[in-house]
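These notes are about the structure you will find just below.
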Number of protein chains: 2
Amino acid sequence: MEVDERSSGEPGASAGAGRDAGPGSLPRAELDLSQFLPYRLNRLADRISDELERMYAERYDINVAQWRVLAWLSHCDELTAKKICTYTNMDKARVSRAVQALEDRGLIYREPSVHDQRVHDLHLTPAGEELLASLVPEAQAWEAELVATLSVGEYRDLFNAMGKLERQLERIGQG
Amino acid sequence: MEVDERSSGEPGASAGAGRDAGPGSLPRAELDLSQFLPYRLNRLADRISDELERMYAERYDINVAQWRVLAWLSHCDELTAKKICTYTNMDKARVSRAVQALEDRGLIYREPSVHDQRVHDLHLTPAGEELLASLVPEAQAWEAELVATLSVGEYRDLFNAMGKLERQLERIGQG
DNA sequence: GTAATATAGTTTCTTATGAAACCATTTGTC
DNA sequence: GACAAATGGTTTCATAAGAAACTATATTAC
């Protein structure tokens with residue numbers, strides 16, 4: 001019932017009819033959002049994120065920022081807040097709050113780094129590992145269902161395209 | 001210098017090494033975020049959104065919500081807040097605020113619908129059209145630069161994949 | 001060694017956002 | 001036509017997030 005690329009509500013239908021036949025009909029700047037990559041990508045990502053967030057929140061009472069910290073820890077076993085910032089593109093305040101919340105709940109623990117007193121090394125606690133052991137398969141199953149309509153090739157190509165876009169974004173940002 | 005699908009900082013490198021050789025080495029749930037679609041999609045969309053937002057904000061002092069309203073109006077010439085909500089997936093409060101801000105700045109105007117007194121029909125003012133005439137080409141140029149590394153086929157496939165994912169999301173949501 | 005600068009992380013402040021309450025109008029039911 | 005439900009939109013309230021100020025440690029220049 002929602003909007004997809006072709007049946008995007010009015011736009012397809014009224015794009016022509018909508019043209020103002022009125023007085024000063026200057027050549028109107030028109031943007032077809034359904035064909036505008038940033039918009040499409042954003043809306044899709046938002047919807048996916050909403051779904052997952054609901055799942056995390058309902059069943060485990062963690063938010064997206066916390067989830068990301070946990071997921072990276074599942075991967076690295078030892079991390080610092082700074083690294084999480086760069087990996088996830090999240091603000092350091094946001095990471096700081098997520099880390100604190102997770103520590104309060106006993107899902108991770110911090111120890112001051114031996115080399116640098118400013119830094120805290122982050123680790124999962126057993127409770128944290130346990131939570132992940134339950135959450136991760138669920139998340140993966142959900143993802144699998146989401147991409148079920150894509151062929152293996154389409155799936156691979158999608159990741160390739162995202163990789164290219166990320167690299168290009170880097171390039172643009174610097175240039 | 002940032003994270004891309006293969007050189008994602010620690011994960012690739014320490015995934016193996018990070019394994020805890022310690023005592024109770026239970027089979028650890030591990031999630032490779034760089035291969036997790038929701039995460040990748042979200043991070044990419046966020047970065048793109050950040051870039052564009054900076055552009056809108058710096059040069060035209062409008063935020064994403066306002067931009068979306070304007071863009072849809074460029075397309076439809078006559079809209080209601082409700083429709084914008086469904087097209088953009090934005091909360092109605094957010095849309096309401098965006099519309100109000102745009103009206104205050106004289107970029108759009110509202111008139112009560114003849115058929116339904118609850119509804120306001122939204123239209124661009126000449127000033128709004130003028131702003132779009134300047135902004136839209138810039139946005140399109142930026143998008144063109146972003147996707148410059150994709151072939152025509154890759155670009156088309158990307159949109160196809162997004163379409164499939166959106167439809168699947170619908171299906172999952174309902175089921 | 002000491003002063004200046006940079007860095008990791010926290011806290012404070014402000015703003016944006018979503019949820020829910022709310023108001024006005026419209027639609028449906030009897 | 002009157003009353004109940006639904007709908008479009010706004011406002012209020014609570015919360016999350018980013019910006020900037022701040023603290024503590026580390027690094028660099030001299």
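Computed over heavy atoms, backbone and side chain alike; hydrogens, waters and symmetry mates excluded. Source: prediction; values computed, not measured.
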### Task
Treat each ILVMFWY residue as a node, draw an edge where side-chain heavy atoms are under 4.5 Å apart, and state whether A/Val64 and A/Ile48 are in one component.
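No, A/Val64 does not connect to A/Ile48 through the hydrophobic network.
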
### Message
Could you check whether any side-chain N or O of A/Thr80 sits under 3.5 Å from a backbone N or O of A/Val119, counting only pairs where one atom can act as donor and the other as acceptor?
### Response
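Not a single qualifying donor-acceptor pair exists.
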
### Query
Can any side-chain N or O of A/Glu130 pair as donor or acceptor with the backbone N or O of A/Ala127 at less than 3.5 Å?
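It does not hold such a pair.
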
### Query
When only distance counts, do a donor and an acceptor, one from the side chain of B/Arg97 and one from the base of D/dG9, lie under 3.5 Å apart?
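Not at all, since no donor on one side and acceptor on the other fall under 3.5 Å apart.
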
Between atom [atom1] in [X] and atom [atom2] in [N], what is the gap in whole Å?
| X | N | atom1 | atom2 | answer |
| --- | --- | --- | --- | --- |
| B/Lys82 | C/dT26 | NZ | C1' | 14 Å |
| A/Asn63 | D/dG18 | CG | C1' | 15 Å |
| B/Glu103 | D/dG9 | CD | C1' | 13 Å |
| A/Tyr56 | D/dA16 | OH | C1' | 18 Å |
| B/Ile62 | C/dA16 | CD1 | P | 14 Å |
| A/Arg47 | C/dG18 | CZ | C1' | 17 Å |
| A/Arg94 | D/dA16 | CZ | P | 11 Å |
| A/Leu102 | C/dG9 | CG | C1' | 16 Å |

### Query
Would you say a side-chain N or O of B/Gln100 is under 4.0 Å from OP1 or OP2 of D/dT11?
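It does, given that an N or O in the side chain of B/Gln100 lies less than 4.0 Å from OP1 or OP2 of D/dT11.
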
### Task
Report yes if a side-chain nitrogen or oxygen of A/Ser96 is closer than 4.0 Å to either non-bridging phosphate oxygen (OP1 or OP2) of C/dG9; otherwise report no.
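Indeed not, no polar side-chain atom of A/Ser96 lies that close.
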
### Task
Please figure out whether B/Thr80 or A/Met90 has its closest DNA chain D nucleotide nearer the 5' end.
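Residue closer to the 5' terminus by nearest nucleotide: B/Thr80.
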
### Query
Taking the side chain as C-beta and beyond, is there a heavy-atom pair between B/Glu111 and B/His123 under 4.5 Å?
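Side chain of B/Glu111 against side chain of B/His123, heavy atoms only: contact under 4.5 Å found.
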
### Query
Could you walk me through whether A/Glu138 and A/Tyr60 pass the side chain to side chain donor-acceptor pair (under 3.5 Å) check?
CA-CA 12 Å; A/Glu138 276 183 47; A/Tyr60 302 96; 2.7 Å; yes

What's the closest nucleotide to the [X] side chain, out of [options]?
| X | options | answer |
| --- | --- | --- |
| A/Asp91 | D/dA19, C/dA8, D/dG9 | D/dA19 |
| B/Lys92 | C/dA21, D/dA17, C/dG18 | C/dA21 |
| A/Ala93 | D/dA19, C/dG9, D/dA17 | D/dA19 |

### Query
Among B/Glu103, B/Gln100, B/His120, which one satisfies side chain to side chain donor-acceptor pair (under 3.5 Å) with B/Arg110?
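Filter result, single survivor: B/Glu103.
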
### Message
Under 3.5 Å, is there a donor on one side chain and an acceptor on the other for B/Tyr87 and A/Ser34?
### Response
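Distance-only check fails for B/Tyr87 and A/Ser34.
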
### Message
Counting only heavy atoms and a strict 4.0 angstrom limit, can you tell me which residues of residues 106-122 of chain B come near DNA chain C?
### Response
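Per residue number, the list reads B/Asp116, B/Gln117, B/Arg118.
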
